[in-house]
Amino acid sequence: MAYHIEKLIDEREVIEGIKKVAEKINRDYQGKSIRLVCILKGGVFFLTELSKYLEGNITIDFMSVSSYGAGTVSSGIVKIIKDLDESIEGENVIVIEDIVDTGNTLSYLLELLRDRKPASVKLCTLLDKPSRRTKDIQADYVAFTIPDKFVVGFGLDYDQCYRNLPYVGVVEFDD
Ligand code: 5GP
């Protein structure tokens, strides 16, 4: 099916939004050590931009879980494809996500991480789509709240493409 991408949040706005989130985190953590747990692959672009502006000792680790397949609808099934390399016991963990949609992925993941006895776990997302939430999940840090549209760019893909776009755009299907 033919489609095009409509710009939703331009490059400059994305960076400004991320800087504001970093300022909030810096205020809340006051230079404490933070373990950023990035959810692959979508969270990578947000992680690298956000972490530039964070203060204190910042360490990073990665986790990969399956959520969507090649389509645009959540399967509701969460599978760990790659686990963390390091223990998070006693760490101040901030989970870095590209988007919170239904909340399925995060509700499963946050429970799993809390079981590993970190000092704290917070959730930080580039985008929040609260209108689609089916699980009781609230991000602690949100750069942008967006409407119920399928978006790509700044880490988000459509069939693995467009992650590298420096802006966030909506996939519009042509009739
Ligand atoms: P949830 O479990 O909250 O429904 O979905 C979380 C995951 O679904 C995200 O990490 C992301 O990979 C994918 N997802 C949800 N909404 C969108 C969207 O609008 N665009 C893209 N590209 N992925 C999305």
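When a ligand or atom number is given, it counts from 1 through the structure's own listing order.
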(message) For the 3.5 Å polar cut-off, considering only N or O atoms, please tell me whether Leu156 and ligand 1 meet it.
(response) no

(request) For Lys129 and ligand 1, answer yes if some heavy atom of the residue is under 4.0 Å from a ligand atom, otherwise no. (result) yes

(request) Please determine, by modelled atom types, if Asp148 and Ser131 share a side-chain donor-acceptor pair under 3.5 angstrom. (result) no

(message) When you measure from the heavy atoms of Phe150 to every atom of ligand 1, does any distance fall below 4.0 Å?
(response) yes

(message) Only heavy atoms of Asp98, strictly under 4.0 Å: list the atoms of ligand 1 that pass.
(response) 9 (C), 10 (O), 11 (C), 12 (O)

(message) For Leu127, which part has a heavy atom under 4.0 Å from ligand 1: side chain, backbone, both, or neither?
(response) neither

(message) Is it true that Arg35 and Thr59 share a donor-acceptor pair across their side chains at a distance under 3.5 Å?
(response) yes

(message) For atom 5 (O) of ligand 1, which of the options Thr105, Leu106, Thr125 provides the nearest non-hydrogen atom?
(response) Thr105

(request) State which residues pass salt bridge (Lys or Arg N to Asp or Glu O under 4.0 Å) with Arg116; sequence neighbours excluded, sorted by chain then number. (result) Asp83

(request) Assess the side chains of Asn26 and Tyr53: does a donor N or O sit below 3.5 Å from an acceptor N or O? (result) no

(request) Under 4.0 Å from a heavy atom of Gly103: give me the atoms of ligand 1 that qualify, with their elements. (result) 1 (P), 3 (O), 4 (O)

(request) Tell me, please: is Lys149 in heavy-atom contact with ligand 1, that is, under 4.0 Å? (result) yes

(message) Counting only heavy atoms closer than 4.0 Å, does ligand 1 sit against the backbone of Glu97, its side chain, both, or neither?
(response) side chain

(request) For Asp101 and Arg133, run salt bridge (Lys or Arg N to Asp or Glu O under 4.0 Å): C-alpha distance rounded to whole Å, both residues' side-chain angles, the deciding distance at 0.1 Å, then the answer. (result) CA-CA 6 Å; Asp101 187 20; Arg133 201 78 92 249; over 6 Å; no

(message) Can you see whether Gln160 engages Arg163 through a side-chain donor-acceptor pair at a distance of less than 3.5 angstrom?
(response) yes

(message) Which residues pass the salt bridge (Lys or Arg N to Asp or Glu O under 4.0 Å) test with Lys52, not counting sequence neighbours?
(response) Glu49

(request) Nearest heavy atom to atom 22 (N) of ligand 1 wins, so pick from Ile137, Asp157, Ile39. (result) Asp157

